[in-house]
There are 2 protein chains.
Amino acid sequence: MALEKMARVDQRQSLTVVEIAKRAGCSIATVSRVLNRPETVAIGLRGRILRIVDELGYVPNGSARALRSSRSRLIGLIVPTLDSAIFTRMLEGLESRLAPAGASLVYSATGYDLDREIRVVRNLIEKGVDGIVLVGTCHRKETLKLLREHKVRFAVTYALSEDDSIPSMGFDNRSGGALAANYLADLGHKNLAVIAGVTRENDRASGRLEGFLAMAERRGIDRSSIVVVESPYEFSRGRAAAKIILDQNRHVSAIFCGSDVLAVGALHGCKDAGLRVPQDISMIGFDNLDIAEYLTPGLTTVDVPARVMGEQAANYFLADRNSLDIYSRVELETRLIVRESTAPARDRQ
Amino acid sequence: MALEKMARVDQRQSLTVVEIAKRAGCSIATVSRVLNRPETVAIGLRGRILRIVDELGYVPNGSARALRSSRSRLIGLIVPTLDSAIFTRMLEGLESRLAPAGASLVYSATGYDLDREIRVVRNLIEKGVDGIVLVGTCHRKETLKLLREHKVRFAVTYALSEDDSIPSMGFDNRSGGALAANYLADLGHKNLAVIAGVTRENDRASGRLEGFLAMAERRGIDRSSIVVVESPYEFSRGRAAAKIILDQNRHVSAIFCGSDVLAVGALHGCKDAGLRVPQDISMIGFDNLDIAEYLTPGLTTVDVPARVMGEQAANYFLADRNSLDIYSRVELETRLIVRESTAPARDRQ
DNA sequence: TCGATTTATGAAAAGGTTTACATCGAGAAC
DNA sequence: GTTCTCGATGTAAACCTTTTCATAAATCGA
């Protein structure tokens with residue numbers, strides 16, 4: 001009797017495919033087949049096994065599964081940070097597609113540090129992820145080397161890779177910046193300023209800035225006349241940057257911000273300086289965060305298809321080897337969303 | 001020669017502990033030891049092995065490791081959504097502590113659906129996570145059963161569990177609501193309204209509402225006089241809710257919102273109705289999102305220690321069995337952050 | 001110097017699954 | 001009726017670690 005009890009305890013300890021097979025009177029191979037490709041098992045036996053699985057509450061051991069099949073159903077997501085809601089939107093897009101397929105998302109942050117990115121990638125590879133989503137095209141050689149040597153599927157988002165061998169689902173940051181410059185030029189603004197993100201080792205921030213400057217020039221605005229300040233994507237930094245710009249250049253009539261977060265801060269910076277938006281100064285953001293619409297004034301901004309990027313990336317990782325090419329490059333568009341923070345330039349001294 | 005080449009290809013295919021051992025002239029056990037408890041291996045041999053590991057770029061196979069040691073270094077995070085930045089803050093807190101310990105975060109969303117939560121939990125257990133972070137105290141029995149049967153460490157956040165056997169790191173939502181009611185009473189407001197989150201199967205939303213109503217009553221405001229509207233946490237819903245409230249009750253002088261997201265919307269709803277905040281109507285939010293400070297007017301709100309909850313949860317999951325109790329319950333405080341969206345009640349007809 | 005204790009290393013099993021290959025039976029083709 | 005195919009199932013190896021136990025060497029106390 002004591003023995004029986006112990007046996008029962010033993011069973012409880014871990015419920016494996018062996019126990020299921022025993023109860024169903026079949027081999028463990030068949031149980032495995034039912035779990036993975038049910039159509040290959042005769043309907044009767046299949047039903048019996050499924051019922052037992054359900055009754056006993058059997059949950060397969062993912063580690064064993066991953067070890068043997070070398071597929072973990074884990075997708076790594078590496079972003080600079082989630083502080084700014086823009087990456088969150090991509091994450092939600094990814095997860096929404098991954099979850100129904102039984103895949104999960106492993107999240108890691110780099111804090112905009114490319115060296116840290118290397119370590120993060122290594123860690124994710126160690127965890128056995130089937131794929132990794134990266135942000136931007138600028139990465140350390142070692143990062144790519146790791147990815148390639150370990151044959152981990154990966155893709156780049158929030159930008160389009162020039163390298164054809166690197167799958168990317170994103171948009172052209174330069175065009176986005178150009179959109180803003182073009183619109184400001186249309187409104188007759190001639191004295192421009194930019195609060196860019198930190199452009200060092202950040203292709204998105206530098207792309208937006210470069211695109212803005214190039215288009216401004218094309219529209220007849222002297223590039224060197226444009227005041228550029230870089231700052232990290234934080235409300236307070238945007239505010240401070242606006243202050244710096246306005247202190248030094250009272251005649252600036254429009255500011256383009258590399259992100260909506262910066263723009264929110266800059267809006268306050270203008271207020272601090274006693275300037276009204278858009279009457280005295282126009283403001284354009286980038287990202288089109290949900291909040292942009294609910295600011296006062298509503299923020300004119302460049303919309304970024306963040307959620308779609310996530311969904312498309314999911315498609316890519318879920319695709320089987322053959323149809324990989326179909327999903328390996330997705331070019332999306334930015335569009336200008338005009339709200340109340342921009343107005344025609346007033347003649348000012 | 002052809003054979004040699006093939007052998008080399010074979011090696012490339014997957015670099016394991018065996019190869020490291022071969023090159024170091026030791027057993028695989030020793031390699032494993034160097035990787036896991038380096039201090040148990042003689043310094044010389046250890047160095048040699050480490051160098052080889054580095055040279056060859058060996059990365060341990062996490063699945064095999066997890067299978068054998070039954071620890072995956074994966075922590076699951078299950079939240080309703082990341083749309084609202086409040087959960088993002090916790091996520092960042094969690095990740096910031098987990099990453100240095102070599103652990104990673106697996107993210108899953110439930111969309112406020114407790115049945116979906118069951119499936120998500122099962123999926124995470126299957127992935128072999130070492131622990132699971134849950135939001136709130138309200139869960140299906142089956143969810144807890146799964147967690148217990150599979151002996152997965154778990155904790156509840158954003159609330160305090162009444163059940164002592166359930167670890168929680170959170171705060172009392174009722175007190176938070178009470179804080180708001182108390183302050184509005186202090187300001188002399190008598191005609192109150194609440195835009196609560198959807199309270200069904202949501203202990204946080206209902207706790208905040210209940211705490212608010214109870215405190216209002218204590219402060220001499222008739223509970224039944226308070227207008228309550230429930231809506232999902234979306235800007236547009238907050239706006240619509242405010243409209244409903246103001247249409248039906250022009251004499252309402254203060255609105256408490258169950259989240260800052262609702263408050264942002266409600267702020268707009270007031271503007272739509274031609275009311276000025278705080279001169280005509282006061283507004284209090286909940287969460288103290290970063291944006292709250294940057295709204296116009298700055299939003300008075302109840303601060304939630306989201307990041308700290310994440311950090312504390314990480315501590316709990318990182319703790320070893322013995323010191324588990326120390327971390328298993330962390331009671332945090334909410335505090336009222338007063339900004340410009342609240343003002344003393346004016347006498348109005 | 002000798003036995004006792006500790007330290008460093010190795011051999012081999014175990015962890016739970018997937019999958020290549022073998023087997024068996026039944027129906028199809030001739 | 002015999003051979004072939006095909007579908008359903010079983011057997012056993014393989015995936016790559018960690019870890020227990022054993023062994024050998026080194027240290028220590030007396």
Side-chain angles (χ1 to χ4, degrees), chain A residues 10-50 53 56-74 102 125-130 150-151, chain B residues 10-50 53 56-74 102 125-130 150-151:
Chain A
D10 249 31
Q11 284 174 22
R12 261 261 150 285
Q13 221 150 4
S14 77
L15 178 59
T16 76
V17 85
V18 174
E19 178 66 20
I20 306 292
K22 202 179 291 173
R23 300 216 183 195
C26 68
S27 76
I28 60 168
T30 302
V31 176
S32 173
R33 276 189 280 259
V34 167
L35 263 22
N36 294 298
R37 291 189 316 283
E39 70 280 4
T40 64
V41 174
I43 185 90
L45 181 53
R46 187 200 311 173
R48 195 162 77 241
I49 293 178
L50 248 20
V53 163
L56 267 50
Y58 165 74
V59 176
N61 180 318
S63 307
R65 176 177 280 193
L67 172 60
R68 180 58 234 232
S69 67
S70 59
R71 275 190 284 103
S72 63
R73 298 191 189 193
L74 250 28
I125 290 176
E126 185 169 335
K127 296 286 190 303
V129 294
D130 295 337
H150 290 271
K151 301 190 172 66
Chain B
D10 249 29
Q11 285 173 20
R12 261 259 148 285
Q13 222 149 4
S14 78
L15 178 59
T16 76
V17 85
V18 173
E19 178 65 20
I20 306 292
K22 203 178 291 172
R23 300 215 183 195
C26 67
S27 77
I28 60 168
T30 302
V31 176
S32 173
R33 276 190 280 261
V34 167
L35 264 22
N36 294 298
R37 291 189 316 283
E39 70 282 4
T40 64
V41 174
I43 186 89
L45 182 53
R46 187 201 310 174
R48 193 161 81 241
I49 293 178
L50 248 21
V53 163
L56 267 51
Y58 165 74
V59 176
N61 180 318
S63 306
R65 176 177 279 194
L67 172 59
R68 180 59 234 232
S69 67
S70 59
R71 274 190 284 104
S72 62
R73 298 190 187 195
L74 252 28
I125 290 177
E126 184 168 335
K127 296 286 190 302
V129 295
D130 296 336
H150 290 270
K151 300 190 172 65

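Residue numbers start from 1 in every chain, and the chains themselves are labelled A, B, ... in the order their sequence lines are given, proteins ahead of strands. Values reported hereafter were calculated over all heavy atoms of this structure, with side chains retained and with hydrogens, waters and symmetry mates removed.
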Indicate yes or no: at least one non-hydrogen side-chain atom of B/Val17 is less than 4.5 angstrom from one of B/Pro60. no

Going 5' to 3' through nucleotides 12-20 of chain D and flagging B where a protein heavy-atom sits under 4.0 Å of the base, S where only the sugar-phosphate is that close, and - otherwise, we get -BBBBBBB-

Atom pair CG (A/Leu50) and CG (A/Leu45), whose distance is rounded to the nearest 0.5 Å: 10.0 Å

How close do A/Asp130 and A/Arg71 get, counting heavy atoms only, and between which atoms? OD1-CA, 3.5 Å

dist B/Arg48:CZ -> B/Arg23:CZ (nearest 0.5 Å) comes out at 13.5 Å

Between OG1 on residue A/Thr16 and CG on residue A/Asn61, distance to nearest 0.5 Å: 9.5 Å

Which distance, rounded to the nearest 0.5 Å, do you find between the CD1 of B/Ile125 and the NZ of B/Lys151? 12.0 Å

Test side-chain contact (heavy atoms from CB on, under 4.5 Å) on B/Ile20 and B/Val34 and set out the steps. CA-CA 11 Å; B/Ile20 306 292; B/Val34 167; over 6 Å; no

Please report the interatomic distance NE2(A/His150) to OG(B/Ser14), rounded to the nearest 0.5 Å. 10.5 Å

Angle of first-five versus last-five pair axes in the helix from C/dT1-D/dA30 to C/dC30-D/dG1, to 10 degrees: 30°

Calculate, to the nearest 0.5 Å, the distance between atoms SG and CZ belonging to B/Cys26 and B/Arg46 respectively. 13.5 Å

Close side-chain approach of B/Val41 and B/Thr30, heavy atoms under 4.5 Å: yes

Taking any atom under 4.0 angstrom from a heavy atom of chain B, which nucleotides of DNA chain C are the first and last to qualify, 5' to 3'? C/dA8 to C/dG16

Check side chain to side chain donor-acceptor pair (under 3.5 Å) between B/Ser32 and all other residues, then give those that pass, not counting sequence neighbours. B/Asn36

Atom pairs under 3.5 Å, N or O on each side, protein against nucleotides 24-27 of chain D: can you list them with distances?
none

Only counting residues at least two apart or in another chain, list the ones meeting side chain to side chain donor-acceptor pair (under 3.5 Å) with B/Ser63. none

